[in-house]
Protein chains: 2
Amino acid sequence: MTTDAEQGSELRIPLSRERLLRAAIKIADDGGLESLTMRRLAEQVGAEAMSLYYHVANKEEVLDGIAEVVVTEINDVVDRIDLPTAGADWKKAVRERILAARQVLLRHPWAPRVLESRTNTSLAVLRYYDALIGIMHDGGFSWDLAHHALHALGSRALGFAQELFDPSSGAGDPDQTAALQSMAGQLPNLVGMLAEVVHDDPDSTLGWCDDQTEFEFGIDLLLDGLDRMRERT
Amino acid sequence: MTTDAEQGSELRIPLSRERLLRAAIKIADDGGLESLTMRRLAEQVGAEAMSLYYHVANKEEVLDGIAEVVVTEINDVVDRIDLPTAGADWKKAVRERILAARQVLLRHPWAPRVLESRTNTSLAVLRYYDALIGIMHDGGFSWDLAHHALHALGSRALGFAQELFDPSSGAGDPDQTAALQSMAGQLPNLVGMLAEVVHDDPDSTLGWCDDQTEFEFGIDLLLDGLDRMRERT
DNA sequence: ACCTGAACACCGTTCAAGT
DNA sequence: ACCTGAACACCGTTCAAGT
């Protein structure tokens, strides 16, 4: 990882909000959200921490900014999707957008956490939702049903679902499996379920493939349900 | 708000992990999660910050602990629910549990954030999920379908759904409404939807009633979908 | 066994001062 | 107009020392 500071001082790019945001995203991508501090951001960009405050009001603005950049990236990808949206076609169109958004987020694993923590919704997020509403409305949703749909999808609309625990994440870990077995008396159903699920599909814990399967199961459940409601009106 | 420190030093309750966790929950309930610092926790409990480390390894353990306490509270409430679980009755039983869990979380608005940030799933959470799995299995779910169901419900299983933005939260705020109107050209569908949704139900933004309606819409959508899958096997 | 004082390595941020 | 040095008010945490 080379910082801008190291690349020789003869060509010194001036600071700017945009450059700060790009640098902040790189820091979070490389080292996680914890590693994004104002001091490190300054270092990455070859300046002192105090210089940042000339271009940005505070750290909150940095977080607002990187969230907006990521969602703008999502909008760019998603706007290139050209699918019919009328009638029953709404579902495929929405599904493809959501899965495309997810692909972008997989490159920025910190983004869901930042998006959730924003109190001011960025224009980029509003634009993303606006397009989704448009597709649903084309598909025959009333405004009211579209509104319910957005709430029901929640963060899934933007391509992520936070799980409180991954029931099969520890399946490969002997320690964790043993710990769970020792509690089989207290957790009979969980243990029973994991025994079968793991046995059926030993590859289900490799990488994020498993999450991808479950994510698609979840959105299809929701989209199918919404489609039935749409048809009933 | 009185701290234990103020209540006269003649009766000085000794520190303990449990007392720290109770105090930490009080701090977070009263002042939000940001206000929960080790130094303030010590103050609340009438000790120096360094004393905490005798009873607790670090702040992470405090956060793990208060998450566990809240979910234990949920388990206590939920275990008192006595409903039939066989066959089609599974749905009502699960629904009531989830809504009861939600009631507990409404008293601890910081809890969802803490629960999401835990990397070690607490035993209390495992127990909660174990009971849910048991009900579904009684209701005729295969282990595999129960597994999918847990993922699909995600945090909703524990009673909360984080929204990235609340499309109608700013409906009562003239500033925000004006800002949105000025972007009507860019956000035609969002503006159109809000115009109708707000008009239809002017009370939809008061308190968390609105969220409650949408939360129930969301879980019913999921539970109904899952029920159809259950019947097909 | 339980608690503390002094200290360390970090934060975000302000403000007057430099070019 | 843009950047910085010194300083402030906070963090979480360690460690040797007190009772």
Side-chain angles (χ1 to χ4, degrees), chain A residues 3-25 27-28 30-67 110 113-114 117-120, chain B residues 3-25 27-28 30-67 110 113-114 117-120:
Chain A
T3 67
D4 293 347
E6 294 168 39
Q7 68 174 31
S9 55
E10 67 288 343
L11 194 138
R12 173 161 185 167
I13 319 155
L15 290 185
S16 72
R17 207 184 105 98
E18 283 64 41
R19 200 156 85 84
L20 289 187
L21 297 183
R22 283 206 318 274
I25 289 174
I27 291 172
D30 291 348
L33 200 54
E34 328 73 68
S35 69
L36 175 56
T37 70
M38 295 301 268
R39 286 170 147 94
R40 255 196 284 251
L41 177 53
E43 190 187 4
Q44 169 81 14
V45 98
E48 299 299 317
M50 308 78 205
S51 309
L52 307 182
Y53 290 86
Y54 189 82
H55 300 90
V56 114
N58 47 35
K59 189 176 181 180
E60 278 295 286
E61 190 179 325
V62 174
L63 295 174
D64 282 341
I66 61 177
W110 46 269
R113 243 170 316 151
V114 174
S117 68
R118 294 309 81 203
T119 80
N120 297 320
Chain B
T3 67
D4 292 348
E6 295 167 39
Q7 69 174 30
S9 55
E10 66 288 345
L11 194 139
R12 172 160 185 168
I13 320 154
L15 290 185
S16 72
R17 207 184 106 99
E18 283 64 42
R19 200 156 84 84
L20 290 187
L21 297 183
R22 281 207 319 273
I25 288 174
I27 292 172
D30 291 347
L33 199 56
E34 330 71 71
S35 69
L36 175 56
T37 68
M38 295 301 268
R39 285 171 148 94
R40 254 194 287 250
L41 177 54
E43 190 187 4
Q44 170 81 13
V45 98
E48 298 300 316
M50 307 78 205
S51 310
L52 308 182
Y53 290 88
Y54 188 82
H55 300 90
V56 112
N58 48 33
K59 190 176 180 180
E60 278 296 285
E61 190 179 326
V62 174
L63 294 174
D64 282 341
I66 61 177
W110 46 269
R113 242 169 317 149
V114 174
S117 68
R118 297 308 82 203
T119 80
N120 297 321

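Reckoned from all heavy atoms, side chains included, excluding hydrogens, waters and symmetry mates. Residue numbering restarts at 1 for every chain, and letters A, B, ... go by the order of the sequence lines.
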Pair assignment for dT4(C), Watson-Crick or G-U wobble, requiring both distances under 3.5 Å = dA16(D)
Ignoring hydrogens and geometry, is there a side-chain-to-backbone donor-acceptor pair from Arg19(B) to Ile13(B) under 3.5 Å?
-> yes
Euclidean distance, Glu60(A) CD relative to Asn120(A) CG, rounded to 0.5 Å = 8.5 Å
Heavy atoms of Ala67(A) and Val114(A) approach each other most closely as CB-CG1, 4.0 Å
When you check every protein heavy atom under 4.0 Å of nucleotides 6-19 of chain C, what one-letter string (B, S, -) results, 5' to 3'?
-> BB---BBBB-----
Taking all non-hydrogen atoms of both residues into account, name the closest pair between His55(A) and Arg17(A) and its distance.
-> O-CG, 3.7 Å
Given atom NE2 of His55(B) and atom C1' of dC3(C), what is their separation to the nearest angstrom?
-> 9 Å
Check whether any side-chain nitrogen or oxygen of Tyr54(B) sits under 4.0 Å from OP1 or OP2 of dC3(C), and answer yes or no.
-> no
Please state how far atom CD in Glu48(A) lies from atom C1' in dT4(D), giving the value in whole angstrom units.
-> 7 Å
Without swapping roles, check the side chain of Asn58(B) against the backbone of Glu61(B) for a donor-acceptor pair under 3.5 Å.
-> yes
Nucleotide dA1(D), atom C1' - distance to CG of Leu52(A) in whole Å = 17 Å
Full working for side chain to side chain contact (heavy atoms under 4.5 Å, CB included) between Ile27(A) and Leu41(A) | CA-CA 7 Å; Ile27(A) 291 172; Leu41(A) 177 53; 4.1 Å; yes
